[in-house]
Amino acid sequence: MKIIKVCLYVLAITFLGCREGEAMYLEGGKVVPVHINFPSAVFTAPDVVGAGRSSQLIMDRAISLIDATPAGAEIHMSAYGFDHSGIISALKRAAARGAHVFVLVDVSREETQEENKPVIRELQHAGTNLVAKPFYNDASKSAINHNKFILFSRLVTDRDTAANIVFQTSHNFTEADTKKVQDAVVLQQEGLYNAYLHYWTDLESRSVAGMKNYTYSEYNNVAAGIRACFLPMRRNGAFTGDDFIIDILDNITDPAHTTVRVGMSDWVNSRLNVAQKLHALLKQGATIELVVKNKIDDSIIDEIAQMEKEGAYVKMLNLEDKSRPRQNIHSKFMMIDGEYQHERVRMVVTGSHNFTQNALQNNCETELLLRDPGIYKAYEENYKGLKNM
């Protein structure tokens, strides 16, 4: 019987033509083992999105993880934008085969109310194993749940089973986001999973009200090279006044032998301090490289232009000039290769956090600091692709 099942799985792969990370499931909604290494990174293809086309690679990876979640396991998801039919179908399949699915979806603004409420209603009618809740962030009038992560208590892989999986991405769970520069990481680490799950549970308890009184938290595992930041940066009902991005950059202890690469979506005047800090590091001898879009605030563009004159590499994707092809970056990452806290590191900082004050002070956001050579190498290769867009 076991041999027959394996043969059926191989035949399904052969005839359906599925690539690694691409969604595929068998008749009857059975769990489909996923082929993956931990940790790993996945990106929308720069050449594809650079040409204005859709790259489904990150969504396919998320679907493959959902389809690999067995009966009895748990999926916890937190989403800002959500209309991707493949993700919706995969969650419904998971619930139908007995996995327990819990989803928080933002409805803090008119646009997310309009776009997300039909999806929430659809998921709420998918059976008792799927619990979908609207999330309203009351930290301010502009606050949102900007998260984009999925947690898996257990997965079936092509080698064995795996527990405590975190899928963190810059990618909203929407079709529109497949046409933008995006990144994602998949990690297997019990402490990190538990920290994310605690954060999700805290948010769930505040889904109607209570984000004004949220308390910022972090997870730190020095041995594993992982730090996770769970925003907003609030304490005792108010903004803490801290900026964890500046804190990260302040910990670069030998700028002259350090390279900082940034890929950033939104960057506004209220976070000019980040651009100024990068400029200061450039003046101290750091190599600074930036991939941004030209639809960012003027003060940031001016600061970046001055940095470029002084030797920084700048790639500015076009969203403003209608006479040229539109290219959009939605990633929010930094790469640091150099001396950090007096240690030589190759570190990636990634998640949902844009360089805006709202993202720092009011939004539900997650950010990861990862000291992992494999992850760094993957981001380095992707960055080369971004430069060639």
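On a predicted model such as this, the values are computed, not experimentally measured, just so you know. Below, all heavy atoms of this structure are taken into account, side chains as well, without hydrogens, waters or symmetry copies.
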D138/R206 ion pair, N-O < 4.0 Å: no
Please determine whether the number of non-hydrogen atoms from other residues, nucleotides or ligands lying under 6.0 Å from atom CD of E110 exceeds 12. no
Distance under 6.0 Å and angle within 45° of ring axis: K387 vs Y313: yes
In a check of side-chain hydrogen bond (donor to acceptor under 3.5 Å, both in side chains) between D337 and each of R261, H257, R344, which one passes? R344
Report yes or no: do T174 and D83 form a side-chain donor-acceptor pair below 3.5 Å? no
Verdict with reasoning, S170 to D183, per side chain to side chain donor-acceptor pair (under 3.5 Å): CA-CA 6 Å; S170 65; D183 64 291; 3.3 Å; yes
Can you tell me if K295 has over 12 outside heavy atoms packed within less than 6.0 Å of its NZ? no
For S78, which of T366, N145, D106 qualifies under side-chain hydrogen bond (donor to acceptor under 3.5 Å, both in side chains)? N145
Has D160 got a side-chain atom pairing as donor or acceptor with V156's backbone, closer than 3.5 angstrom? no
Is the NZ atom of K179 crowded by more than 12 outside heavy atoms at less than 6.0 Å? no
Hey, can you tell me if F355 and W267 have their rings parallel, tilted or perpendicular (30° and 60° cut-offs)? perpendicular
In terms of ring plane angle, is the pair F167 and F173 parallel, tilted or perpendicular, where the classes change at 30° and 60°? tilted
How are the rings of Y199 and F149 set relative to one another: parallel (under 30°), tilted (30 to 60°) or perpendicular (over 60°)? tilted
Quick test of your reading of the model: are R346 and E380 salt-bridged, counting only N-O distances below 4.0 Å? yes
At their closest point, which heavy atom of P232 faces which heavy atom of Y214, and how far apart are they? O-CE2, 3.3 Å
Step through the shown structure and confirm whether more than 12 heavy atoms of other residues, nucleotides or ligands are within 6.0 Å of CG on N236. no
Could you give me the CA-CA distance, side-chain angles and deciding distance for H353 and F244, then say whether ring-ring contact (aromatic ring centres under 6.0 Å, His included) is met? CA-CA 11 Å; H353 179 80; F244 76 103; 4.9 Å; yes
How about D177 and Q182: does a side-chain donor come under 3.5 Å of a side-chain acceptor? yes
Give the cluster check for L155 versus V166: same hydrophobic cluster or not, with ILVMFWY residues linked at side-chain heavy-atom distances below 4.5 Å. no
Return yes if a side-chain donor-acceptor contact under 3.5 Å exists between R234 and N362, otherwise no. yes
Verify the neighbour count for atom NZ of K212: are there more than 12 heavy atoms of other residues, nucleotides or ligands below 6.0 Å? no
Looking at E122 and K92, does any basic side-chain N land under 4.0 Å from a carboxylate oxygen? yes
